[in-house]
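Structure record follows, encoded as structure tokens.
Whatever order the structure lists them in is the order used to number ligands and atoms, beginning at 1.
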Amino acid sequence: MIHNFNAGPSHLPAAVVEEAAEAIRDFQHSGLSLLEISHRGPYFLPVIEEARELARELMGLEEDFEVLFLHGGGRTQFMQTAMNLLDSDREAAYVDTGTWASKAIEEARLFGNVRVIASSADKQYSYIPKGFAIPEQAAYLHLTTNNTIYGTQWHDIPDCAAPLVADMSSDILSRAIDFNRFGLIYAGAQKNIGAAGVTLVAVRKSILGKIHRAIPSMMDYRIHIKNESIYNTPPVFAIYTCLLVLRWLKAQGGVSAVEKVNTRKATLLYREIDENPLFQGTAAVEDRSQMNVCFVMNDKVLEKEFAEFCAKEGMYGIKGHRSVGGFRVSLYNAVTEESTQAMVDAMKHFAGVKA
Ligand code: PMP
């Protein structure tokens, strides 16, 4: 049996994969594949409508929000957010909590002034900065709510007068936070909500249209809102997969229910890391991510052997990001408690052999 702990694209519920595969063969008994129908026709329109509605419902979003499914992944949002929200003579505040936050900062600088108000670069991004001041005049404050590479997560979202813009690519819909505290939320689908190729954006209409630059139409959120997310041909397969995952999530009992499971999985694995003398967690304990559990071995020499042992046991995708090394076990919504237990058992077993 394979236990898939990939950081993204990552594990999907088995029933979702089955249903997506069937939709490619024969979509809703139409005799047509999902891949060969019009995105404006009667088969696909209800798909995108239901996906947008379900995302809104599961996040509990207020009326002012619009939900979009856009192309281009998380990285396109690094520029698109700034292009839509930051005038060239204004300043946006960013917190640098790792590689993805840094890249968002770089892209935003192309459009206006960026002030990095806090950073955890001094300790290899192993913690979430706290107690920093947020400039009152900021056009917005950008946070990366979960740092996929370093395994840190914001557990307390700071209060802020300016709109909060959040990259939730690696923890969207994994915990019950108040999504209405944000002005704009974006997340590449390929971790918690579906297949690669689409990005969920939830944006408050009231924060748009306040800047002076001309925005290319494909980059303008208002145009996508007006066209109900089908301004151009959307990635139909990826959106359909999102719909299946969102339905699955609702059937699990929604965000609060999966949060409980996610907490149990993370607690189980972190406990093993803390108790097993071979391993050491890399993130500050109070900032540990429930989604990406990062650790190293106290004896680096053993890492190759442990990786090989895990591969034989069916553990897949646990290598740490190439920039940091060690191990990273991603516990997104679809990863089961059984898989998490299997990972813990492998760690225990390996320690037993080495004792
Ligand atoms: N933000 C975060 C937090 C991520 O983890 C990633 C990718 N792992 C990205 C952005 C970039 O996403 P994409 O590859 O979809 O552009």
Side-chain angles (χ1 to χ4, degrees), residues 4-12 68-83 94-108 110 119-121 124-129 140-155 157 164-175 177 179 182 184-202 218-219 234-235 237-239 241-242 245 262 282-283 287-294 317-325 327-335:
N4 184 356
F5 300 109
N6 253 340
S10 33
H11 185 54
L12 288 168
L68 301 170
F69 286 99
L70 303 179
H71 303 263
R75 278 196 189 231
T76 299
Q77 293 309 309
F78 295 166
M79 68 157 159
Q80 197 168 356
T81 45
M83 202 188 278
Y94 277 68
V95 181
D96 180 15
T97 49
T99 306
W100 300 115
S102 306
K103 294 201 184 294
I105 290 164
E106 264 171 49
E107 297 285 292
L110 299 171
S119 166
S120 50
Q124 282 112 40
Y125 296 118
S126 59
Y127 70 101
I128 298 291
Y140 59 86
L141 167 65
H142 181 282
L143 305 176
T144 310
T145 53
N146 185 75
N147 298 284
T148 326
I149 295 177
Y150 303 91
T152 60
Q153 188 173 24
W154 290 81
H155 296 299
I157 305 293
L164 269 169
V165 173
D167 176 359
M168 294 197 189
S169 292
S170 51
D171 68 351
I172 185 100
L173 292 172
S174 69
R175 56 176 174 163
I177 58 173
F179 293 100
F182 297 84
L184 189 150
I185 293 162
Y186 61 91
Q190 65 270 24
K191 300 169 199 297
N192 259 332
I193 41 177
V198 72
T199 311
L200 182 137
V201 173
M218 273 299 284
M219 287 294 115
F237 177 72
I239 293 172
T241 311
C242 283
V245 173
N262 287 334
T282 51
D287 301 322
R288 282 174 165 178
S289 165
Q290 300 242 80
M291 295 283 100
N292 309 101
V293 177
C294 296
I318 63 167
K319 199 164 176 281
H321 189 269
R322 59 189 182 281
S323 59
V324 295
F327 297 91
R328 170 176 54 177
V329 175
S330 297
L331 301 176
Y332 300 123
N333 287 348
V335 173

Who are the ring pair (Phe, Tyr, Trp, His ring centres under 6.0 Å) partners of Tyr332, not counting sequence neighbours?
none
Establish, from distance only, whether the side-chain atoms of Asn262 and Ser174 form a donor-acceptor pair under 3.5 Å.
no
Classify the ring geometry between Tyr186 and Phe78 as parallel (under 30°), tilted (30 to 60°) or perpendicular (over 60°).
perpendicular
Test Val95 against Leu141 for side chain to side chain contact (heavy atoms under 4.5 Å, CB included), laying out the working first.
CA-CA 8 Å; Val95 181; Leu141 167 65; 4.1 Å; yes
Within the protein, flag every N or O under 3.5 Å from an N or O of ligand 1, and note the pair and distance.
residue	atom	partner	partner atom	Å
ligand 1	1 (N)	Asp167	OD2	2.6
ligand 1	5 (O)	Trp100	NE1	3.4
ligand 1	5 (O)	Thr148	OG1	2.5
ligand 1	8 (N)	Lys191	NZ	2.9
ligand 1	15 (O)	Gly74	N	2.9
ligand 1	15 (O)	Gln190	NE2	2.9
ligand 1	16 (O)	Gly74	N	3.2
ligand 1	16 (O)	Arg75	N	2.9

Minimum-distance pair of heavy atoms, taken over all atoms of Ser330 and Asn292:
OG-ND2, 2.9 Å
Please report the closest heavy-atom contact between Ile172 and Asn192, naming both atoms and the distance.
O-ND2, 3.2 Å
